[in-house]
> 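Got a structure for you, written out below as structure tokens; questions coming shortly.
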Amino acid sequence: MKNILKLGLTLMIYAIIAGLLLGWIYTKTQPKIEQQARMEREIAIKEVMPASTSVFVEDTLADGTVIIIGYEDEQKSKVAGYASVAIGGGFSSNIKTMVGFSPQLKVNAIKVISQNETPGLGTHIQDDWFQKQFSDKSVEQLKVDKDGGKIESITGATISSRAVTNSISALVEKLSTSDELPGYAKEKKDTIVSSDTIIKNGVE
Amino acid sequence: MLREFTKGIIKENPVLVLALGLCPALAVTTTAYNGIGMGIAASFVLIMSNIIISMIKRTVPTKIRIPIFITVIATFVTIVKLVMAGYTPQLSKQLGIFIPLIVVNCIILGRAEAFASKNGLLASILDGIGMGLGFSLALFFMGAVREIIGSGTITLGFPILIEPTTFNLMGKGFNPALLMILPPGGFLTLGVFMWIKQIITGE
């Protein structure tokens, strides 16, 4: 009995020391990790938005989708495009892709921002040639070649390729049926930001 | 004393001779840079855990030495993971799940159990550096061979210090042997490497 207590206490002391050390390292590295994530997000948004964008406004749709609306001028009179994150279940992780759209909701460019796919196979979804294919594709073409679409999938990583592609077409589907997108025609006359959407903060 | 350092590189190479830590050796070596990154990260954990374990070895009761060793190793792995995510986000993304898996990398627990818990501080540091170097070199060469044959490129760099750059070695018409970056290619490469090592040491 006494022996068990002694062993337990020894182990506890080691665990406490390890815990304290980790807590300290965590508080030191967390701001840096968050800053990295923010920077990456901003770079991704700028990369996928149409080139004419000069003002970025973050907005949340009624269903919780966060979108970034790009305007061409400071007065926010002309919409340059949109960006939003598409999430798809890949082979071993959830793949998050930042997708930029033209005002007509055509894909402008995409950038994979987070994934944990198999190194050397699924990770190729981050390659330029793969991401460039998505530009200017219509919803019908947004399928991998094996499903009859125009997206050439990565050899050995069909699941990852399909996850990215399907998550993007689902996002297009969702945005095009939403009537909250400012500037998006969709046979609606009213294109002003509805009052229940909150303009959180400008990205730039 | 110097033997403790050199033995890990060829004579007792953790991957090629002791056959320890094969899981990361097979899984991440799809590019040369991944091999280097994984090697450096595991080496850091190995050296640090060897240092700590050789220092605390007298206070560790034999019955609970394994949980204590694992606590020490897991702590350093988490430190590496946090520092990597903060300072080399690209590498941290590439290696993904394999960093937390260093905790169960047999080399580290193996060296803690077989060496650091029985030897002095200096010998344990040398053992850690040597074993780490042997592991890193094996992973780097495996990664290089698999990447050249399997993708026709080679990615070189060093975590934190040198940004990785991909060089295209083969011409346009090159059709890479995809098998080499898939798991079977890992086994094939490892087998050939073990064979070459046997030839070198004349066994």
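Numbered from 1 within each chain, the chains take letters A, B, ... in sequence-line order.
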> Indicate the atoms forming the closest heavy-atom contact of B:Ile68 with A:Thr10, along with that distance.
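It is CD1-CG2, 4.4 Å.
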> Please check if atom NZ in A:Lys150 has more than 12 non-hydrogen atoms from other residues, nucleotides or ligands closer than 6.0 Å.
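Incorrect, the count does not exceed 12.
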> How close do A:Gln36 and B:Ala85 get, heavy atom to heavy atom, and via which atoms?
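Distance-wise, the nearest heavy atoms are CG-O, 4.1 Å.
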> May I ask you to check whether over 12 heavy atoms, not counting those of B:Phe193, lie within 6.0 Å of atom CZ?
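Buried by this count: over 12 neighbours within 6.0 Å.
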> Please walk me through it: do A:Leu21 and B:Ile79 pass side chain to side chain contact (heavy atoms under 4.5 Å, CB included)?
CA-CA 9 Å; A:Leu21 180 68; B:Ile79 293 174; 4.0 Å; yes
> For A:Ile113, is it the side chain, the backbone, both or neither that has a heavy atom under 4.5 Å from a heavy atom of chain B?
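Contact with chain B is through the backbone of A:Ile113 alone.
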> Look at B:Leu182, B:Thr71, B:Leu82 and state which one has the largest set of heavy-atom pairs under 4.5 Å with chain A.
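Of B:Leu182, B:Thr71, B:Leu82, B:Leu82 has the most heavy-atom pairs under 4.5 Å with chain A.
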> Compare every heavy atom of A:Thr155 with every heavy atom of B:Leu178, then report the nearest pair and how far apart it is.
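Closest approach of B:Leu178 to A:Thr155: CD2-CG2, 3.7 Å.
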> When only heavy atoms count and the cut-off is under 4.5 Å, which of residues 23-34 of chain A reach chain B?
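Listed by number, the contacting residues are A:Ile25, A:Tyr26, A:Thr29, A:Lys32, A:Ile33.
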> Could you give the distance from CD1 (A:Ile4) to CD1 (B:Ile64), rounded to the nearest 0.5 Å?
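That separation rounds to 11.5 Å.
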> Is the closest side-chain heavy-atom distance between A:Tyr14 and B:Val60 below 4.5 Å?
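With C-beta onward as the side chain, the pair touches.
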> Tell me, side chain or backbone of B:Thr29 under 4.5 Å from chain A's heavy atoms, or both, or neither?
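For B:Thr29, there is no contact with chain A at all, as no heavy atom is under 4.5 Å.
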> Might you confirm whether atom CG of A:Leu9 has over 12 heavy atoms from other residues, nucleotides or ligands at distances under 6.0 Å?
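Enclosed.
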